[in-house]
Protein chains: 2
Amino acid sequence: MAVTVQAQSDERLKLERHGLRATRQRLAVLQALATEPNDATAQEIYGCLAKRGEAVGLATVYRTLALLNDHGVVDALAHRPGELCYRLCGEGHHHHLVCAECHRVVELDDCDLDDWLERVAITHAFSISGHTVEVTGICADCR
Amino acid sequence: MAVTVQAQSDERLKLERHGLRATRQRLAVLQALATEPNDATAQEIYGCLAKRGEAVGLATVYRTLALLNDHGVVDALAHRPGELCYRLCGEGHHHHLVCAECHRVVELDDCDLDDWLERVAITHAFSISGHTVEVTGICADCR
DNA sequence: ATAATTGCAAAGCGTTTGCACCCTG
DNA sequence: CAGGGTGCAAACGCTTTGCAATTAT
């Protein structure tokens, strides 16, 4: 139980740091995301909460995830058409390695693209504001 | 007119090479894609064809794009949630530089990621099947 | 000739929204 | 206690599908 209590206050802090109200539903969504090692769709989180007996409306799950995404607490990945996947993310700049089979996601912390980006910016007269990299493959377990 | 006729036979060949029937609708979709310098959604292509007086059903546009994607004639980009973008693509491997203002897309042919990817593959025991890079910025015209 | 392709309209699916009620701060 | 948050159900937008008519080979 101590673990759960600790986790709850962690999540509460995460919300308060961004000036967001700590409601039962938001804490539940954060906890579901913390449990889920991979990315999850809004629907999956909704189902996960329902199974645990945490009654949270589907609309609230969507609203909460959008809110958390706006505040940089979760990342939204669009690697599937017609569905957004959300994921509790580390702080720094990073990219994602996704398994095409099991959808496991690994965070890649080192990013060697800066030199390349600078060259691209000069060549095409763009001022670069951001970049996303998504690497797809099959993980060892699925092979 | 000679240009159009030439383009038409180009498109016809593209279909026949894959064993696909060359219907008026498929040729029209290919021609719309050839005209469009950036990526386009099925809806946009539908609208574009309607404006030209080429009557093609929306369902047919979707079916045609899916078919062309299966045969590697077009690439599907999922950079927007809830919408698939299609794009007639060059042969080689490349990435996209997108202007956040005007949505202009520039193809980037040089990709220096191979070394990095190989390291990633080894470190995480993945067999890499693909990767996408999307660089966002503001182009010279919009600045 | 005949099997594939198309158009239409209806259904499907994930997501968003309007509004009355509820709860946090 | 005031204003944000929530739940419900209806609305939405993009995409897919069933089926009869059409068309390419």
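Just so we're on the same page: letters track the sequence lines, and every chain starts at 1.
Distance B/D70 CG to C/dT5 P: 12 Å, rounded to the nearest Å. Residue B/H71 contributes atom NE2, which lies 13 Å from atom C1' of C/dA4 at whole-angstrom precision. Separating the CG atom of B/L58 from the P atom of C/dA9 is a distance of 12 Å, rounded to the nearest angstrom.
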Do any N or O atoms of the protein come closer than 3.5 Å to N or O atoms of nucleotides 19-24 of chain D, and which pairs are they?
from	atom 1	to	atom 2	distance (Å)
D/dA24	N3	B/R21	NH1	3.4

Dump the pairs, protein N or O against N or O of nucleotides 12-14 of chain D, anything under 3.5 Å, distances to one decimal.
from	atom 1	to	atom 2	distance (Å)
D/dC14	O3'	B/G82	O	3.4

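Nucleotides of DNA chain D nearest to A/A59 and B/L20 differ in position, and the one nearer the 5' end is that of A/A59.
Nearest heavy-atom pair, A/A32 versus A/I45, reported as atom, atom and distance to 0.1 Å: CB-CG2, 4.2 Å. When every heavy atom of B/F126 is checked against every heavy atom of A/G137, the shortest pair comes out as CD2-C, 4.0 Å.
Residues A/V135 and A/L113 share a single hydrophobic cluster, defined by chaining ILVMFWY side chains whose heavy atoms lie under 4.5 Å apart.
Across all strands, A/A66 comes closer than 4.0 Å to no nucleic acid atom at all (heavy-atom distances).
A perpendicular orientation is assigned to the rings of A/H71 and A/H18, their planes being inclined by more than 60° (bins at 30° and 60°).
The phosphate of C/dC23 has neither OP1 nor OP2 within less than 4.0 Å of any side-chain N or O from A/Q25.
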Between B/V73 and B/L20, does a side chain to side chain contact (heavy atoms under 4.5 Å, CB included) hold up when you go through it step by step?
CA-CA 11 Å; B/V73 181; B/L20 303 174; 5.7 Å; no
Given side chain to side chain contact (heavy atoms under 4.5 Å, CB included), test A/D75 with A/E107 step by step and report yes or no.
CA-CA 12 Å; A/D75 276 5; A/E107 282 194 17; over 6 Å; no
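Residues in residues 30-50 of chain A take part in no salt bridge (charged side-chain N to carboxylate O under 4.0 Å, His left out) pair, two or more places apart or across chains.
Taken over five-pair windows at either terminus, the axes of the helix from C/dA1-D/dT25 to C/dG25-D/dC1 are inclined to one another by 40° (rounded to 10 degrees).
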What donor-acceptor contacts under 3.5 angstrom involve side-chain atoms of residues 48-69 of chain A, with partners at least two apart or in another chain?
from	atom 1	to	atom 2	distance (Å)
A/R52	NH2	A/T35	OG1	3.0
A/E54	OE1	A/R24	NH1	3.2
A/Y62	OH	A/Q43	NE2	2.9
A/T64	OG1	A/T60	O	2.7

All N/O donor-acceptor pairs, side-chain side in residues 118-125 of chain A, below 3.5 Å, sequence neighbours left out:
from	atom 1	to	atom 2	distance (Å)
A/R119	NH2	B/D112	OD2	3.1
A/T123	OG1	A/R119	O	2.7

